[in-house]
Amino acid sequence: MIIRNIEVKRQVVPLKKPFKTALRTVVNAESVLVKVTTESGLAGWGEAPSTVVITGDSLDSIESAIMHVMRPQLIGQNLLAYERIFHIIHQSMVGSSSAKAALDMALYDILAQRCGLPLYQFLGGYRNDIETDYTVSVNSPEEMGEDAARYIEAGFNVLKIKVGKDNIQEDIARIKEIRSRIGSQVKIRLDANQGWQVKDAVRSIRKMEEMGLDIELVEQPVKAYDLEGLKTVTDAVDTPIMADESVFSPMQAFEVLKRRAADLINIKLMKAGGIYKAQMINYMAEECGVECMVGSMIESRLAVTAAAHFAASKKNITRFDFDAPLMMAQDMVNGGVRYEGRVLTLPDKPGLGIDGIVTSANEGVGQVS
């Protein structure tokens, strides 16, 4: 189980429709693919998207962190001593959580293959299928209502609505229009992506409660660094508040949990630096009686497969946001998690269950043996 080689390659996949949030507009899913090979012939896959406005990681910085900083420290290491391996990764440099996550998922892929288990079973095996929501991008109320109705017709029954880009009144108009289009039985989650001020957040959430818009939760209503503001919102409204960008590391999760600044936590592998640290966040939250969601950035089915394995393995993870691959014009992944409408089924093959990746219609990056 000696690490023999680490390779990277870029992947660019167009989206079916631009993805708009309070922080950015995305038209192409751009990521760095990682392949780790051992002397025994096992190979593992990982992926890290460029998300500079959230993680600060670009394609260039991800590649540089992996190839120039982490790779020299990992080549020749015995993966069976994986506690030491993950310590090396996380101590190798400050930040670069996406690069760390890509390596982390590739290494967990190999470890689970070595044990002959699908990764979700290796990590705990709580369930083998999960249900994703579908995200409605920020646009005009009319366009968002049309999009929401179309997703419900496609079989989804939980929608994540992006808000926070304009003024509060426009956001309320968006939610009112969506609710009128989809009826009262569909769950609605809001994600403001840090786009509201504290008092505006309290006022708008209370207004939506008074209007009976029935919001399941509101994700990251205020700036990531403003834990006092986040707690103010959490304490002032009945609607559950979820921390997202406020929680990258276990230490940040500890601060949110200690202050009771949020009712829920959204874990993403790209924020946590991979499964190793994500498990710590979930365990702390579980001990504090706080449920978690696992979501993703705009990632292909490769990274989402890793996140889904982690999410399916844990009892305390009760909500899932894995719609990104459904937004892409092409699927470049062979194997991995399978979509049947809103339900994701985990593969039974050892590891991630990835058979291979292509970076374009005519170019491959090899097959996992």
Side-chain angles (χ1 to χ4, degrees), residues 1-8 32-40 42-48 51 55-57 61-115 117 119-124 247-258 265 267-287 292 294 302-303 306-307 309-311 313-314 316-317 350-352:
M1 289 287 283
I2 303 300
I3 298 174
R4 182 183 67 190
N5 197 18
I6 298 173
E7 307 166 77
V8 298
V32 175
L33 305 179
V34 180
K35 185 178 182 181
V36 179
T37 309
T38 67
E39 288 187 351
S40 62
L42 292 177
W45 289 100
E47 180 187 10
T51 319
T55 64
D57 298 327
S61 70
I62 292 166
E63 286 186 346
S64 180
I66 292 172
M67 298 304 289
H68 299 147
V69 179
M70 300 178 203
R71 184 180 185 276
Q73 298 183 56
L74 295 177
I75 296 297
Q77 294 283 344
N78 187 346
L79 187 48
L80 292 180
Y82 57 87
E83 181 77 12
R84 182 170 68 241
I85 299 295
F86 291 121
H87 178 77
I88 290 171
I89 290 173
H90 287 283
Q91 294 299 310
S92 64
M93 62 189 302
V94 175
S96 293
S97 60
S98 300
K100 293 171 181 176
L103 278 172
D104 170 285
M105 63 181 69
L107 296 175
Y108 270 108
D109 187 7
I110 295 171
L111 287 169
Q113 289 181 55
R114 176 69 166 74
C115 295
L117 294 172
L119 181 55
Y120 77 92
Q121 291 183 352
F122 178 82
L123 295 173
V247 177
F248 276 57
S249 68
M251 183 56 70
Q252 289 173 323
F254 175 77
E255 285 297 321
V256 168
L257 294 166
K258 180 178 68 174
I265 291 177
I267 302 172
K268 294 175 181 172
L269 299 188
M270 295 305 141
K271 294 186 303 170
I275 294 168
Y276 183 73
K277 294 283 188 178
Q279 291 188 97
M280 296 182 188
I281 295 172
N282 180 62
Y283 289 141
M284 284 195 298
E286 186 170 18
E287 286 299 301
C292 293
V294 174
L302 170 54
H309 274 287
F310 163 63
S313 73
K314 307 300 180 186
N316 191 56
I317 298 171
L352 291 177

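Sequential numbering from 1 along the given sequence is applied to the chain's residues.
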Do any N or O atoms from the side chain of Thr55 and from the backbone of Lys271 form a donor-acceptor pair under 3.5 angstrom?
-> no
Can you list the residues that meet the side-chain contact (heavy atoms from CB on, under 4.5 Å) rule with Pro250, with sequence neighbours excluded?
-> Lys277, Met280, Ile281, Met284
Quick one: list whatever passes side-chain contact (heavy atoms from CB on, under 4.5 Å) with Ala106, sequence neighbours left out.
-> Val36
Minimum heavy-atom distance between Met105 and Leu352, given as atom pair plus value = O-CD1, 4.3 Å
Kindly determine whether Ile267 and Val247 satisfy side-chain contact (heavy atoms from CB on, under 4.5 Å), including the steps that lead there.
-> CA-CA 8 Å; Ile267 302 172; Val247 177; over 6 Å; no
Could you tell me the separation between the CD1 atom of Ile66 and the CD atom of Glu7, rounded to the nearest 0.5 Å?
-> 12.0 Å
Separation between OG (Ser98) and CD (Glu47), nearest 0.5 Å, reads 10.5 Å
Between Met70 and Ile88, is any pair of side-chain heavy atoms under 4.5 Å apart?
-> no
Is there a donor-acceptor contact under 3.5 Å from the side chain of Asp57 to the main chain of Ile62?
-> no
Ala48 to Met270 - nearest heavy-atom pair and separation | CA-SD, 4.0 Å
Minimum heavy-atom distance between Cys292 and Ala285, given as atom pair plus value | SG-CB, 3.6 Å
Roughly how far, to the nearest 0.5 Å, is NE2 of His90 from CG of Leu103?
-> 9.5 Å
Who passes side-chain contact (heavy atoms from CB on, under 4.5 Å) against Gln279, sequence neighbours left out?
-> Tyr108, Leu123, Ile275, Tyr283, Phe310, Lys314
Go through Ile3 and Leu107 one step at a time and tell me if the side-chain contact (heavy atoms from CB on, under 4.5 Å) criterion holds.
-> CA-CA 9 Å; Ile3 298 174; Leu107 296 175; 4.0 Å; yes
Give the minimum heavy-atom separation between Ala102 and Val34, together with the two atoms involved.
-> CB-CG2, 3.7 Å
Closest non-hydrogen atom pair, Lys100 against Ser92 = CE-OG, 4.4 Å
Check the pair Asp109 / Leu119 against side-chain contact (heavy atoms from CB on, under 4.5 Å), numbers first and verdict last.
-> CA-CA 7 Å; Asp109 187 7; Leu119 181 55; 5.9 Å; no
Could you tell me whether a side-chain N or O of Gln73 sits under 3.5 Å from a main-chain N or O of Val69, the two making a donor and an acceptor?
-> yes
Pick from Asn78, Leu80, Ile75: which one makes a side-chain contact (heavy atoms from CB on, under 4.5 Å) with Ile2?
-> Asn78
So which pairs with a foot in residues 62-86 pass salt bridge (charged side-chain N to carboxylate O under 4.0 Å, His left out), sequence neighbours left out?
-> Arg10-Glu63
Just wondering, are more than 12 heavy atoms of other shown residues or ligands nearer than 6.0 Å to CE in Met251?
-> no
Judged by atom type as modelled, is there a donor-acceptor pair below 3.5 Å linking the side chain of Asp104 to the main-chain atoms of Tyr276?
-> yes
Could you give the distance from CZ (Phe254) to CG (Leu257), rounded to the nearest 0.5 Å?
-> 8.5 Å
Check side chain to side chain donor-acceptor pair (under 3.5 Å) between Ser40 and all other residues, then give those that pass, not counting sequence neighbours.
-> Thr38
Backbone of Ala43 reached by a side-chain donor or acceptor of Gln113 within 3.5 Å = yes
Donor-acceptor contact present, side-chain Gln252 to main-chain Phe248, <3.5 Å | yes
Under the side-chain contact (heavy atoms from CB on, under 4.5 Å) rule, collect the residues that match up with Ser64, sequence neighbours excluded.
-> His68
Write down the atom of Leu302, the atom of Gly46, and the distance for their closest heavy-atom approach.
-> CD2-O, 3.4 Å
What's the spacing between Ile89 CD1 and Leu74 CG if we round to 0.5 Å?
-> 5.0 Å
Any donor-acceptor N/O pair, Lys35 side chain to Asn5 backbone, under 3.5 Å | no
